Amino acid sequence: MKANKERIETHISDLSAFTATPNQGVTRLTYSKEDVQARKYIKAKMNEYGLDVREDGLGNIFGKLQGTKKDAPSVLVGSHFDSVPHGGAYDGPSGVVAGLEVAALFQEKNLTPTYPLEIIAMIEEEGARFGGGLMGSRGITGTTDAEELNHTKDKDGVSVAEAMRDIGLDPTLSKQRDPQTIKAFLEMHIEQGPVLEEKDIAIGVVEGIVGLSQLEVTIQGQAGHAGTTPMDRRSDALVTAANIIAKLPAIAAEEGEGTVITVGRHEVFPNGANVIPEKVIFSVDIRAGKEEHMQSAIQKTKDFITSFEGQGMQISMEQSLYMQPKTLNQHIHSLLQNACNQLDISYLPMNSGAGHDAMVFADVTDVGLIFVPSKDGISHAPEEWTDTKDLANGADVLFQTAMKLTETT
Ligand code: HGY
Ligand code: MN
Ligand code: MN
């Protein structure tokens with residue numbers, strides 16, 4: 001018996017309906033109404049598949065299938081269920097759905113594992129509400145301490161704890177999990193790039209994940225009247241920000257080796273057509289395959305931005321995320337490749353230009369990450385799409401690998 005395509009298709013389509021922007025992609029921010037709808041759906045399916053369901057002190061959802069080995073560490077399988085604004089239906093949910101399908105197959109085959117199997121659906125991987133990103137997995141692994149989380153607020157000043165309480169979650173529950181309780185973490189994710197589709201290969205077996213960092217830059221100038229303020233007496237924050245942003249791609253090009261720099265979000269205050277912009281806040285997303293290029297690109301970016309300080313401009317920067325490049329576990333990598341061979345599914349060892357919860361878990365346990373093809377390589381957009389047969393292939397590979405890691409016969 002193999003993964004059930006209809007069941008997978010239904011999960012993806014039902015979850016994609018939980019969006020704040022219907023017909024304009026999936027927008028599902030953490031602890032939003034749409035989060036609550038998706039959370040309810042995921043927990044109901046975990047119950048249906050015979051799992052013991054709980055939520056931790058950040059609202060990450062765990063569905064556990066007990067093993068025969070007492071107090072043994074669990075094999076976790078899952079991904080995140082939040083989205084970027086106007087994103088797609090597959091980024092995150094495809095990995096949660098693959099986990100649900102693995103649990104459904106264990107139930108259908110009446111399998112009891114030696115080591116427990118836990119399906120996991122994590123919050124705030126994208127950072128679209130609270131900034132930074134990977135918050136759910138960083139909370140579980142302790143790379144985000146409780147103190148930092150207590151200070152984290154969204155752009156309306158709502159803290160994580162308040163937002164959790166608003167939807168009936170308990171922020172006082174434990175967040176960090178003892179690494180001794182985790183045997184391995186497996187994640188399926190859409191590739192979000194064109195490689196697998198172009199090469200007509202079904203599965204990417206990920207070897208390494210790029211390092212990524214996010215800066216939050218604030219340019220403070222002086223508001224003024226657009227009509228009466230002479231051009232030589234302005235401290236226009238938006239002109240300064242534009243001069244900075246226009247030059248950042250050159251820093252990435254100069255660093256080379258696949259280094260990328262993106263300004264994806266910016267806010268102008270007070271944002272009036274006839275008001276000289278007083279303040280601009282913008283994000284800078286920096287990624288590179290090697291640590292030295294990460295460090296160098298970040299420093300060059302910070303130095304360049306700081307060089308605009310003065311002439312009425314104040315500049316401040318915060319680093320909201322820093323993840324080193326990660327190499328994933330060789331043993332699990334081989335298990336995933338063996339599963340592809342046994343299932344006669346084509347695969348390609350590859351690296352990831354996107355960040356994933358798997359890179360956070362790699363600090364505390366053995367990790368495996370597989371990709372499934374993205375149509376036209378598009379992601380973080382409503383056009384994001386993956387064929388159900390590819391999702392089912394991925395679920396079959398994860399099921400085989402989870403059977404091995406949980407020592408289920
Ligand atoms: O930004 C990323 O790489 C991921 O989609 N959060
Ligand atoms: Mn994403
Ligand atoms: Mn993702």
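Here the structure is a predicted model, which is why all the values come from computation and not from measurement. Ligands are counted one by one from 1 in listed order, and the atoms in each one are counted from 1 as well.
- Minimum-distance N/O/S atom of His80 relative to the Mn ion (ligand 3): NE2.
- Restricting His380 to its N, O or S atoms, the one at the least distance from the Mn ion (ligand 2) is NE2.
- A 4.5 Å side-chain heavy-atom check between Leu105 and Glu108 finds at least one atom pair inside the cut-off.
- Counting heavy atoms only, Arg287 comes closest to atom 3 (O) of ligand 1 of the residues Gln192, His356, Arg287.
- Closest N/O/S atom of Asp91 to the Mn ion (ligand 2): OD2.
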Asn393 and Val372: CA distance, side-chain angles, deciding distance, side chain to side chain contact (heavy atoms under 4.5 Å, CB included) verdict: CA-CA 8 Å; Asn393 277 336; Val372 289; 5.7 Å; no

When you look at Gln295 and Tyr322, which way does the side-chain hydrogen bond (donor to acceptor under 3.5 Å, both in side chains) test go after all the steps? CA-CA 10 Å; Gln295 294 292 350; Tyr322 184 83; 3.2 Å; yes

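- Residue Glu126: an N/O/S atom is found under 2.8 Å from the Mn ion (ligand 2).
- A cation-pi contact, defined as under 6.0 Å to the ring centre and within 45° of the axis, links Lys45 to Tyr41.
- With 2.8 Å as the limit, His189 counts as an N, O or S neighbour of the Mn ion (ligand 3).
- Close contacts between ligand 1 and Ala354 involve ligand atoms 3 (O) [criterion: under 4.0 Å to a heavy atom].
- Checked against the 6.0 Å centroid threshold, His356 and Phe371 count as a close aromatic pair.
- Asp154 has a carboxylate O that lies under 4.0 Å from a charged side-chain N of Arg129, or vice versa, which qualifies the two as a salt bridge.
- Close approach to His380 involves these atoms of ligand 1, each under 4.0 Å from a residue heavy atom: 5 (O).
- Atoms of ligand 1 lying under 4.0 Å from at least one heavy atom of Glu126, given by number and element, are 4 (C), 5 (O), 6 (N).
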